[in-house]
Amino acid sequence: MKRKDYISWDEYFMGIALLTAMRSKDDSSQVGACIVSPENKILSLGYNGMPIGCNDDDMPWEREGDPLDTKYMYVCHAELNAILNSAHSNLTGARVYVTLFPCNECAKAIIQSGIKEIIYYSDKYHDEPSSMASRRLFNMTGVKYRAYHPSGRELTLTV
């Protein structure tokens, strides 16, 4: 008889997004993304970090100060990294599991890539203009978005 307490696809892919976020070197915000095909195959992963070729130790990670001395001018967000890292040229119809609701810049990339659904873990910037613009863009283009809801059950593994 097969076991009945296995995790859902949402739990599986959000778990991978959370694990991917742990690769981020950002001291204040670690974000991960996992892009999945309609057939539940992982197409790409990404986390927030500096562009390839930029030494993390030489880049600013501060949140405040002169804009050129903060991380915001340089960091690539998890969703954008996942899109750019994908070996698949066609992401049409895919879903993205992301640990933080996408900003407006990532929303544009998500829409342009053909991703049709966002499942997000946190929406801590819900009332910020960038999140409001994202929702507006998603609503205009028919991209679905929903909060992730864990099952709340204890997970066990027999080895």
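Residues take their numbers from the sequence shown, with the count starting at 1.
- Counting non-hydrogen atoms of other residues, nucleotides and ligands closer than 6.0 Å to CG of L68 gives a total above 12.
- Remark: side-chain polar atoms of D69 are not paired, donor with acceptor, to backbone N or O of G65 under 3.5 angstrom.
- Side chains of S44 and I83 form no contact here, defined as non-hydrogen atoms less than 4.5 Å apart.
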### Message
Run R146 and D10 through side chain to side chain contact (heavy atoms under 4.5 Å, CB included) and show every step you take.
### Response
CA-CA 11 Å; R146 61 182 167 91; D10 278 0; 2.7 Å; yes

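- For Y12, the OH atom sits in a loose shell: 12 or fewer heavy atoms of surrounding residues, nucleotides or ligands are nearer than 6.0 Å.
- Within the 4.5 Å cutoff, side-chain heavy atoms of I115 are placed close to those of I35.
- F138 and L100 fall within the same hydrophobic cluster, defined by Ile, Leu, Val, Met, Phe, Trp and Tyr side-chain heavy atoms under 4.5 Å apart, directly or through other members.
- More than 12 heavy atoms of other residues, nucleotides or ligands lie within 6.0 Å of CZ in F13, so this atom counts as buried by the packing criterion.
- M50 places a side-chain heavy atom less than 4.5 Å from the side chain of W61.
- Not less than 6.0 angstrom separates the ring centroid of F101 from the ring centroid of Y125.
- There is no side-chain donor-acceptor pair under 3.5 Å between S130 and E128.
- Between N90 and T92, the side chains place a donor N or O and an acceptor N or O closer than 3.5 Å (distance only, hydrogens not considered).
- Across V96 and A33, no two heavy atoms sit closer than the pair CG2-CB, 4.1 Å.
- For the pair P102 and A107, the tightest heavy-atom approach, listed with the atom from each and the gap, is CB-N, 4.4 Å.
- Using a 4.5 Å cut-off on side-chain heavy atoms (C-beta onward), I16 and L45 make contact.
- Under 3.5 Å, the side chains of S28 and K71 contain a donor-acceptor pair of N or O atoms.
- Judged by distance alone, with hydrogens and angles left aside, the side-chain atoms of T70 form a donor-acceptor pair with the main-chain N or O of P67 at under 3.5 Å.
- Looking only at distances, a side-chain donor or acceptor of T99 sits under 3.5 Å from a matching main-chain atom of G32.
- Taking the side chain as every heavy atom from C-beta outward, V143 and E117 never approach each other to under 4.5 Å.
- Between the N81 side chain and the Y47 main chain, a donor and an acceptor come within less than 3.5 Å of each other.
- Annotation: side chain of V36 is not in contact with side chain of K41 (no heavy-atom distance under 4.5 Å).
- Within 6.0 Å of CG in D66 there are more than 12 heavy atoms belonging to other residues, nucleotides or ligands.
- S134 places a side-chain N or O within donor-acceptor distance of the main-chain N or O of N104, the cut-off being under 3.5 Å.
- A donor-acceptor pair under 3.5 Å is absent between the side-chain atoms of S24 and the main chain of A21, judged by distance alone.
- In plain terms, the two heavy atoms of G46 and N85 that are nearest each other are CA-ND2, 4.4 Å.
- Side-chain atoms of R23 and N48 form no donor-acceptor pair, as typed in the model, at a separation below 3.5 Å.
- Under the 3.5 Å distance criterion, the side-chain polar atoms of R136 are left unmatched by any main-chain donor or acceptor of S131.
- K108 places a side-chain heavy atom less than 4.5 Å from the side chain of L137.
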